[in-house]
Enquirer: 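I'd like to ask some things about the structure below.
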Amino acid sequence: MDFELSEEQRAFAHTAREFALAEFTPHAARWDAEGIFPKEAIAKAGELGFCGLYAPQRIEGLALPRLDATLVFEEMAAIDPSTTAFITIHNMATWMLGTWGTPAVCERWGADLTSGRKLASYCLTEPGAGSDAGSLKTRAELKDGEYVINGGKAFISGAGATDVLVLMARTGGGGAGGISAFAVPADAPGVSYGKKEHKMGWNSQPTRTISFDNVRVPAENLLGSEGEGFRIAMKGLDGGRINIATCSVGAAQGALDAARRYMHERQQFGKPLASFQALQFKLADMATELVAARQMVRLAASRLDAGHADASTYCAMAKRFATDAGFNVCNEALQLHGGYGYLGEFPLERLVRDARVHQILEGTNEIMRVIVSRKLLEGDSDIR
């Protein structure tokens, strides 16, 4: 076991840190306050390869290991978890399109997605199918060489501002086996978008419902084979869970750094906060939880890169642990700031709001517990 990063990995992390400091730090608070989707900044991230980190080379992606991708996402999330989280979702959808797309689909969208010139949304959740994704009702029927799509999706990140929708729809009977995956132009006739949702956090990315009314796409827009969609969606979510866990680790690191600085600057009772043992212990616990979460995420990423039989379970464990720990660290950092932590002039309240949703999306943490417990109770798992 080698916990040290290579020089190349450190370079990736350094580049991401410098990029985020230059492009996110001056604007993140305003993007959050004004609900601005920073497409120009995301495009600049794409110029560095950050929009196609683990996408295959066939669509001009970097094809990096998931572990290396976490290093980039963590550095950016330390400054702006919301914008970074969208970039991770885009990476997931782009990887899915590049891995299972037909040559025509990859030719049409691939290079534009990996470069950040165009953006993708991942469309799985429906108003009546959240944790139970296998019960989705959006339907795609093959007619005269085209799939005709009808239904609706909910809680879709980037909806109304992206260019392609990686969509899960039912082509067969009930259950997971009847679901297929498609690449759908976001502006196709019959696609319409609901109002921009007012959210607690993640305000630098729009969230909307999407309706599909007799939307027609060529048969070549099918990703993989009919009936393979749920498997494709779950494979995407394995990486997505690592991604969102990494965003929690990054947010927590940003919060911890802010708290550490503040404890040296703030004086109470004639002493800096850093001189009070109770606060020292709190900071120590925060750092310990953060390091544990980071290592859990990197272990899961390594398992996924290696094709480990229990990789999905490790991804679920990492997602559950890191998003819970990350939120707790952000919340404790806000507490250490006292009343100032609650003010918009400090980043803490934004980090807390942005990190909270990570415990819900990409599979709630309750569902993560279901995944882990089922694997343990099968009796043949090698989780240790």
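It should be emphasised that the depicted structure is a prediction, and the values quoted were computed from it without experimental measurement.
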Enquirer: Parallel, tilted or perpendicular: which describes the rings of Y262 and H337, with under 30° parallel and over 60° perpendicular?
Expert: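 Aromatic pair Y262/H337 classed parallel.
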Enquirer: Do F73 and F50 make the cut of ring centroids closer than 6.0 angstrom?
Expert: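 Between F50 and F73, which both carry aromatic rings, the centre distance is not below 6.0 Å.
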Enquirer: Decide, yes or no, whether a salt bridge links K44 with E23 under the criterion of side-chain N to carboxylate O below 4.0 Å.
Expert: yes
Enquirer: Does atom CZ of R30 have more than 12 heavy-atom neighbours from other groups under 6.0 Å away?
Expert: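 Enclosed: over 12 neighbouring heavy atoms sit under 6.0 Å from CZ of R30.
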Enquirer: Just checking, is any N or O donor in the side chain of E60 or T114 under 3.5 Å from an acceptor N or O on the other one?
Expert: no
Enquirer: Under a 4.0 Å threshold between the charged nitrogen and the carboxylate oxygen, would D257 count as salt-bridged to R260?
Expert: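 Looking at D257 together with R260, the answer is yes, because their closest N to O distance falls below 4.0 Å.
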Enquirer: Closer than 4.0 angstrom, basic N to acidic O: yes or no for E265 and R261?
Expert: no
Enquirer: For R353, is there an ion pair with D32 - N to carboxylate O distance below 4.0 angstrom?
Expert: yes
Enquirer: For the pair R58 (side chain) and G98 (backbone), establish whether a donor and an acceptor sit closer than 3.5 Å, ignoring hydrogens and angles.
Expert: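 Indeed, once roles are kept as given, a pair shorter than 3.5 Å links the two residues.
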Enquirer: Identify whether NZ of Lys or CZ of Arg in R208 sits under 6.0 Å from the centre of the six-membered ring of Y193 and within 45° of that ring's axis.
Expert: no
Enquirer: Can you list the steps and then say if N365 with T323 is a side-chain hydrogen bond (donor to acceptor under 3.5 Å, both in side chains)?
Expert: CA-CA 8 Å; N365 283 4; T323 57; 2.9 Å; yes
Enquirer: Would you call R117 and D112 a salt bridge, using N to O less than 4.0 angstrom?
Expert: yes
Enquirer: Please check if atom CZ in F276 has more than 12 non-hydrogen atoms from other residues, nucleotides or ligands closer than 6.0 Å.
Expert: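 Yes, CZ of F276 has more than 12 neighbouring heavy atoms, counting only those of other groups under 6.0 Å.
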Enquirer: Without hydrogens or angle criteria, can the side chains of Q253 and R294 be said to hold a donor-acceptor pair below 3.5 Å?
Expert: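 The criterion, which ignores hydrogens and geometry beyond distance, is satisfied for R294 and Q253.
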Enquirer: So that I can tick it off, tell me whether R369 and D324 are bridged by a salt bridge, with the cut-off set at under 4.0 angstrom between side-chain N and carboxylate O.
Expert: yes
Enquirer: Answer yes when E4 and R10 have at least one side-chain N-carboxylate O distance shorter than 4.0 Å, and no when they do not.
Expert: yes
Enquirer: Would you say K196 and T207 are linked by a side-chain donor-acceptor pair, where the criterion is simply a distance under 3.5 Å?
Expert: no
Enquirer: Under a 4.0 Å threshold between the charged nitrogen and the carboxylate oxygen, would E197 count as salt-bridged to K195?
Expert: yes
Enquirer: Among side-chain atoms of T288 and D285, is any donor-acceptor pair under 3.5 angstrom?
Expert: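 No donor-acceptor contact under 3.5 Å links the two side chains.
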Enquirer: Take a 6.0 Å sphere around CD of E18 and say whether it holds more than 12 heavy atoms from other residues, nucleotides or ligands.
Expert: yes
Enquirer: Could you tell me whether K375 and E378 have a side-chain N and a carboxylate O separated by less than 4.0 Å?
Expert: yes
Enquirer: Under 3.5 Å, is there a donor on one side chain and an acceptor on the other for D354 and S82?
Expert: no
Enquirer: Would you say E40 has more than 12 foreign heavy atoms packed within less than 6.0 Å of its CD?
Expert: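 Atom CD in E40 is not packed in, count stays at 12 or less.
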Enquirer: Please round to the nearest 0.5 Å and tell me the distance separating atom CG of N91 and atom OG1 of T84.
Expert: 11.0 Å
Enquirer: Whether the T171 and S180 side chains hold a donor-acceptor pair (N or O, under 3.5 Å, no angle test) is what I'd like checked.
Expert: yes
Enquirer: Yes or no on side-chain contact (heavy atoms from CB on, under 4.5 Å) for V357 and F155, after CA distance, side-chain angles and deciding distance?
Expert: CA-CA 12 Å; V357 74; F155 300 112; over 6 Å; no
Enquirer: Can you find a side-chain donor-acceptor pair between Y147 and E226 that sits under 3.5 Å?
Expert: yes
Enquirer: Is it the case that atom CD in Q9 sees more than 12 heavy atoms from other parts of the structure closer than 6.0 Å?
Expert: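 Yes.
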Enquirer: Verify, without hydrogens or angle tests, whether R241 (side chain) and E362 (backbone) share a donor-acceptor contact under 3.5 angstrom.
Expert: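 Here the side-chain-to-backbone pair exists.
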